[in-house]
2 protein chains.
Amino acid sequence: MAVDPECPVCRTADIVCAKWTLLVVRELDEGRSRFCELERSLTGISPRTLSLRLRELEEEGIVERQQLPELPPRTEYALTDKGRALLPMIEDMRCFGERWLDREDGAVLSAPSA
Amino acid sequence: MAVDPECPVCRTADIVCAKWTLLVVRELDEGRSRFCELERSLTGISPRTLSLRLRELEEEGIVERQQLPELPPRTEYALTDKGRALLPMIEDMRCFGERWLDREDGAVLSAPSA
DNA sequence: CGGCGTCACTTCACTTGGTAAAGTGGTTAT
DNA sequence: ATAACCACTTTACCAAGTGAAGTGACGCCG
């Protein structure tokens with residue numbers, strides 16, 4: 001990937017900066033766990049990308065996949081401890097976004113008064 | 001970008017997850033400030049990408065560009081306060097990387113077989 | 001029993017974004 | 001005058017993500 005594979009920041013960036021990754025992690029932390037639930041809450045994600053991301057995240061040990069032996073067989077995804085270790089980063093991003101980004105072209109954080 | 005423009009996490013991710021962004025911010029925090037210095041320390045970045053990234057970051061108010069009135073005219077880049085607000089995220093990434101990724105990537109989940 | 005819907009994906013054609021390599025225009029050094 | 005340095009830009013290419021559609025296993029309804 002051209003960035004230093006020895007550098008923990010680079011390696012983390014490589015994982016979390018794939019599009020949708022952090023959002024998938026957040027949804028999983030908020031309770032969504034099935035493919036179609038994630039698909040619905042991550043509006044705009046393509047099933048291909050979701051599938052790819054979930055697989056990569058599983059390979060990284062960030063999510064766990066469970067095939068429930070039900071009929072129809074449902075698949076459930078959950079965060080591992082490693083996955084939960086990404087949550088502080090998401091928190092930081094939320095803080096940054098709220099502090100520096102949120103709606104600079106209008107109301108700050110009050111309800112928009114049309 | 002298809003992700004919710006109301007969501008601070010999404011908006012931050014949009015900025016920060018462009019390739020090289022965080023690494024540029026880190027280099028700038030570590031003192032590197034000229035184009036060719038960044039180019040050299042970010043081994044593998046193309047000048048086009050660096051140029052693009054620097055411009056986007058400048059537009060976002062994350063870096064500041066200074067044209068020094070020297071000969072030859074040098075350009076110096078520096079983090080703004082907003083830019084420095086990204087550093088905790090980088091710290092988190094370093095922690096995550098050191099705790100979960102660093103040098104043990106193959107060994108972590110080596111399944112015996114199947 | 002057949003058609004319809006759901007789930008967890010995969011496939012395909014297309015677009016976007018990053019890369020490598022080279023080029024630009026100005027400057028200083030030899 | 002030639003070469004090298006700086007801060008980029010241009011060009012052509014390739015990989016990753018997108019939207020739309022398709023797949024196969026099932027379940028539900030009339």
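Lettering follows sequence order; numbering is per chain, from 1. When reading the values below, keep in mind they use all heavy atoms of this one structure, side chains included, and skip hydrogens, waters and symmetry mates.
Spacing between atom CD of B/Glu76 and atom C1' of D/dC6 amounts to 13 Å, rounded to whole angstrom units. A straight line from CZ of B/Phe35 to C1' of D/dC5 spans 13 Å, rounded to a whole angstrom. The CG-C1' distance, from B/Asp14 to C/dT16, rounds to 13 Å in whole Å. What separates CD of A/Gln67 from P of D/dA25 is a distance of 14 Å, to the nearest Å. Taking atom CG on A/Leu23 and atom P on D/dT18, their separation rounds to 11 Å, with Å as the unit. Rounded to an integer number of Å, the gap from A/Leu42 CG to D/dT18 P is 11 Å. Computed from coordinates, the A/Arg65 CZ to C/dC7 P distance equals 17 Å when rounded to whole Å. Remark: P of D/dA16 and CD1 of A/Ile45 are 16 Å apart, rounded to the nearest angstrom.
Distance CG/B/Asp29 to CG/B/Leu22: 12.0 Å, rounded to 0.5 Å. Rounded to the nearest 0.5 angstrom, A/Glu56 CD and A/Ile15 CD1 are separated by 9.5 Å. Distance check, rounded to the nearest 0.5 Å: CZ of B/Arg26 to CH2 of B/Trp20 gives 10.5 Å.
Within the 4.0 Å cut-off from OP1 or OP2 of C/dT16, not a single side-chain nitrogen or oxygen of A/Lys19 is found. Between B/Arg40 and D/dA7, a side-chain N or O to OP1/OP2 separation shorter than 4.0 Å is absent. At C/dC9, one or more side-chain N or O atoms of A/Tyr77 fall inside 4.0 Å of OP1 or OP2 (strictly under the cut-off). Between A/Arg34 and C/dC9 there is no side-chain N or O to OP1 or OP2 distance below 4.0 Å. Considering only side-chain N and O atoms, B/Arg55 lies under 4.0 angstrom from the phosphate OP1 or OP2 of D/dT9. Close to C/dA8, at under 4.0 Å from its OP1 or OP2, lies no side-chain N or O of A/Arg74.
Taking all atoms of both residues into account, the shortest heavy-atom contact from A/Leu101 to B/Arg11 is O-NH1, 2.9 Å. Summarising the geometry of B/Leu54 relative to B/Val24, their closest heavy-atom pair is CD1-CG1, 3.8 Å, with the distance given to 0.1 Å.
The side chain of A/Trp20 approaches D/dG17 more closely than any other nucleotide in the set C/dC9, C/dG18, D/dG17. Which of D/dC8, C/dA8, D/dG17 sits closest to the side chain of A/Thr75 comes down to C/dA8.
Between A/Val9 and the choices B/Glu98, B/Met89, B/Arg94, the side chain to side chain contact (heavy atoms under 4.5 Å, CB included) rule is met once, by B/Arg94.
Sorted by residue number, the members of residues 46-53 of chain A with any non-hydrogen atom under 4.0 Å from DNA chain D read A/Ser46, A/Pro47, A/Arg48, A/Thr49, A/Arg53.
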Report the C-alpha distance between B/Arg32 and B/Tyr77 in whole Å, list the side-chain angles of each, state the deciding distance to 0.1 Å, and finish with yes or no for side-chain contact (heavy atoms from CB on, under 4.5 Å). CA-CA 8 Å; B/Arg32 246 79 55 174; B/Tyr77 301 88; over 6 Å; no
